[in-house]
Amino acid sequence: MSTAVAAHPDAPTSGVTNAKLGIWLFLASEVMLFGTLFTTYLVLRMGAASWPRGWDVLNVPMGMVNTFVLITSSVTILLAYVKASEKNKSGFQLYMGLTILLSFAFLVIKGFEYGAHFAHGEFPSTSIFNAVYFTMTGLHGFHVICGIIVNSGLLYLSGEDFEHPLFAGRVEGAGLYWHFVDIVWIFLFPALYLL
Amino acid sequence: MNTHDEHHGGHHELTFWEKYVFSVDHKVIGLQYLITSFIFLLIGFSLMMLMRWQLAFPGHPIPLIGGLLSSSLAPNGVMTGEFYNQLGAMHGTIMVFLGIVPLAVGAFGNYIMPLQIGAPDMAFPRLNMMSYWLYLPGGLMMLSSFIMPGGPAQSGWTSYAPLAIINPGQTVWLLSMVVIITSSLLGAINFLVTGLNMRAPGLSLDRLPIFVWAQLVTSVLLLLAFPPLEAAAVLQLADRVMGTSFYLPSGLIILGQPLKASGGGQPLLWQHLFWFLAHPEVYVLVLPPMGIVSEIIASGTRKPLHGYKTMVGSMISLGIMSFIVWAHHMFLSGMSPMLGNFFLVTTMIISVPSVAILTCMIFSLKGGSIRFTVPMMFALAFLPLFGIGGLTGLPLGLTTTDIYLHDTYYVIGHFHYVVVTGSIIALFAGTYYWFPKWYGRKMDETLGKIHFWGTVICMNGIFFPMFIQGMAGQNRRYFDPTAAHHNIPTQPLHIVSSVFAWLLFLFQLPFIYNFFKSMWHGEISEENPWQATTLEWACPSPPPHGNFAKTPRVYRGPYEYSLPGHKTDWFPQNEEAKA
Amino acid sequence: MSEQTAHAHDIRPYLFVFGALLVLTVVTVTVSYLHLPPGPAIALGLAIATIKAALVAAFFMHLKGERAIIYGLIAITVFFLIVLFVLPITDSNWTSSRRVEHAAVGAQAEAAEAPAR
Amino acid sequence: MNGNNYGWGLPVAASSYAHDIDFGIILIHVAMVAIFVLWGIFFTYLLLKYRRRDGVPAEREHEHGALKSLAPDIVVMVFEIGLIVFYAIPSWSKIKMNFPQPGEANQVDIIAEQFAWNIHYPGADGKFGRRDPKLVHFSNPIGLDRDDKDAQDDVVLANEIHMPLGKPTLIRLSSKDVIHSFFIPEFRIKQDAMPGMVIPVWVTPTAVGKYELSCAQLCGFAHSFMRADVIVDTPEDFDAWLKSHAPVKQEAPTKAAESW
């Protein structure tokens, strides 16, 4: 898209495509959403008489594996975008498929962690730490599920729409969202497990 | 209910649904928003008319409909405290989240903004449709809580924890808020992308009409202030449904019974998160109406707005500042008094851009040739009445005087002057002003003038007595004001307010009649009935699908009126200058 | 990013960042096994997380070399985010002397001296 | 009895800082009315002078309005800075941040609940008895442990506060369930009672009489009925009253048996 020249441009725009600007605006609102949860976490933690250290109550190795899984999936979706912009359909499908598999792996590992907590009688209602832990990871997990839906949709659409001129842009948008989900986890993991 | 066309439809083929119900055309969606939000305003107002009976005549059976209400709400027609609180909470919620915001942003923003920037539609038409189709179910869900077990929310529109967590009815409120907030977020993204990326050639930012600026700033506020409330609502929902304790401190004893909760939460946190949204929300309610008034004043005085740059700058600084003043709602909440001083200072600073905007509007009148059309009359009434709203904010924003006036009727008077005689008056002005754009017909002037005088007088009659009651120390949200001795001397003023409230309803009937009559039988309007310069008048009324036959090109700023040497006293933005 | 021009991507920087993220994750977990006191632990954990997030944003999200409008958007969001962090947390800290263990009992009998703030 | 305290304006001022607050309220309202009237005159003048007249076109002003339109702002700014520096911050810190020493003040704990005010006096020994959540019962709403040595002479009341004239009363305000707000119009004092917090409030009554405490924060269906009488006595009468209310025997039911 042509860029704005200062004085009297033909079509003044921000210089970013609609879709990309839209995604970034959406991410800005998501930043505020998770920011609120982090504020809640910090306020409640600093106000609490006692707060468990993450390694005492959570499974750090599982959290670390999940971090690796999510970072790897960030790289694969990036490669999927690279392949999509290179018009390499099978390459795109390979990497997008890998991304989705890794996202499922993340959820499965998370599910095992949740299952272990429930088995020990730890529920969101049992302590304020559990409330924070389950709500933050739960909302993050919800975002992972949304990402899986979007990415699967793109994988499905790539059968017919791969040649569409906007297709690579859509993959880029999905990628931006997925990297954001990754960033949220990058903060969540130390905040809950390691501090 | 959702569109004016729906009642003669439903049995048509698919195209009808695509055209009028699940339309992706910003104009149809704008009108859907318009009608729906006006209906919600009427519903919210009806709740208030019921409450006004209880305030004026506490303990007396409600006439006419008292007998129809279920005995749990109003035994023998006399309202209960629960029912009063339900009405109060729903009145606030409906008016703010389902009435004024969708009207100012969803309806006017949706219809007018793309036209004013010369765009064929919004940037994401399908997302736009989704916004509406989240807003309507969210609103209906909110209303449906009246027939749910436990009834609607009854903890005020502010839903302060822990009351909101232990009171019945709050769950549906929270769920519908999450839906409505999502709708607003989608709308905000759409507006920003449209305003930044879809402008006509030549329409640089310094040539944008004030209304577009107002919509852009508003969208930023919605985008960044709503998510915290969404998250806070999810946490409150978790407190109610999952038994967490985000907002519940340890050791609560409710009516003699220890509350079963882990504790460890902080009720103040809810207030911080709520007001982090709800103060910017005030500017969401006020900025688009200011934009509407600016448009009308420019065309009604036949001269450029005074201080275009000052106004734009003030709007942007209002938007930014509105994020760091929220805790002036919480001076007495138990928050740190030191922080109170901080918010006192920011609150006083934010009054500066507001005064600048109002000053620019007044100075715009100077030297004009003022046409007293109905929209112009509403726009002019906005100035002094919004002024009262702004001025009475001063003693509330000062920590010391707020000690006495906080949570009294003074507060109610103040924010109703801002939102009702400010925003709603301006939205009426916008309705009269852009009606010819929507339907190609004009609204009736005589009925409009009856509506104007009735509305302005009644609104003042309702809200001015509240300042006196507030001075006398009357607390707000009292189901029976006479229960406290210090309220008894000002009790007659409640009767005054109530009578004016019911009269205000009567004076809306000419408007409703005028609206629907003019829609089909109004005087056919010319292309540019107000001889205005902005781009929305450069296309036919109502605009066809795609709006402009040929993308307009913009040559000048938005308010080139009475340019010496030009043949007419208006010089449209898209008219090429003859050399 | 306007990749329309360049189709041949250099993916080496991505893999380098990927490696750095893995290493930083291992570092932050290892440090946690030292069981540092909360203050330094939080500072260190937050610093590493910020570096990781910055790497993801700059390289994976192509923020490096992005348009001014996106930078502006991020700047305004971060500003409001800081406001959202700092003010409620400040308040929570300043009012900690007012909070009590058990709501229904209120003030502890022995704490009869003058309130702090 | 207290009907004379109230009217259509501010109620009677009966605390040491009531006049500080009244000063601000009156000053601001005078300024507000002055601004509004001047501004209204200017507005009306503009509407009349510049109404549409045939053959008189609008005057197109030249672009130099920036400073002129900021003039009212500067006036408002100066007024507000003055208010903040010389009025709001000093009086706010006097009322909300500087508290009398417990030794020189009459101490009271007030524990709000739906829909009553529980008042706990330490009695003659000046020490509050232990309160235990396990003892909370409708006949003992604050859970006072009467076996505690310090609790022997404690006085517990519901919906009735006594304060000595001319001596600061230091209140520790808390709530058992939801947020309430402690508001006595005559004293110009208001403070939310936040569950999980104990918030100090102080007031020095300056006139003997009977006043009204009401709840100023929505607390449920009977919010408007949550009120209490505030009785200000001379210090002698207050001491006499306190002595007469000290429980004679531990077993005797407290006066707070029925809260509402």
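In what follows, chains are A, B, ... by sequence order, proteins preceding strands, each numbered from 1.
Most heavy-atom pairs under 4.5 Å with chain D: of the set B:Pro249, B:Gly367, B:Gly81, this distinction falls to B:Gly367. Interface check for chain D: of the options B:Ser333, B:Gly256, B:Gly473, the most heavy-atom pairs under 4.5 Å are formed by B:Ser333.
Not a single donor-acceptor pair under 3.5 Å links the side chain of D:Trp8 to the backbone N or O of B:Ile468. Within the 3.5 Å criterion, the main-chain N or O of D:Gly220 finds a donor-acceptor partner in the side chain of B:Asn85. No side-chain donor-acceptor contact under 3.5 Å links D:Lys190 to the backbone of B:Leu332.
Looking at B:Ala164, neither its backbone nor its side chain comes within 4.5 Å of chain D, counting heavy atoms on both sides. No part of B:Ile488 comes within reach of chain D, as not one of its non-hydrogen atoms sits under 4.5 angstrom from that chain. Contact of D:Met194 with chain B is made through the side chain alone, with heavy-atom distances under 4.5 Å. Proximity to chain B is limited to the side chain of D:Val76, based on heavy atoms less than 4.5 angstrom apart. Using a 4.5 Å cut-off between heavy atoms, B:Phe479 contacts chain D through both its backbone and its side chain. Heavy atoms closer than 4.5 Å to chain B are found in the side chain of D:Ile199, but not in its backbone. Of the atoms belonging to D:Ile28, it is side-chain heavy atoms, and not backbone ones, that fall under 4.5 Å from chain B.
Side-chain contact between D:Gln114 and B:Ile254: present, with at least one pair of heavy atoms (C-beta onward) separated by less than 4.5 Å. A 4.5 Å side-chain heavy-atom check between B:Pro258 and D:Pro133 finds every atom pair outside the cut-off. Counting heavy atoms from C-beta outward, B:His486 and D:Pro11 have side chains that stay 4.5 Å or more apart.
Taking the six-membered ring for Trp, B:Tyr404 and D:Phe183 have ring centres closer than 6.0 Å.
The structure places NZ of D:Lys176 at 9.0 Å from CG of B:Leu255, a figure rounded to the nearest 0.5 Å.
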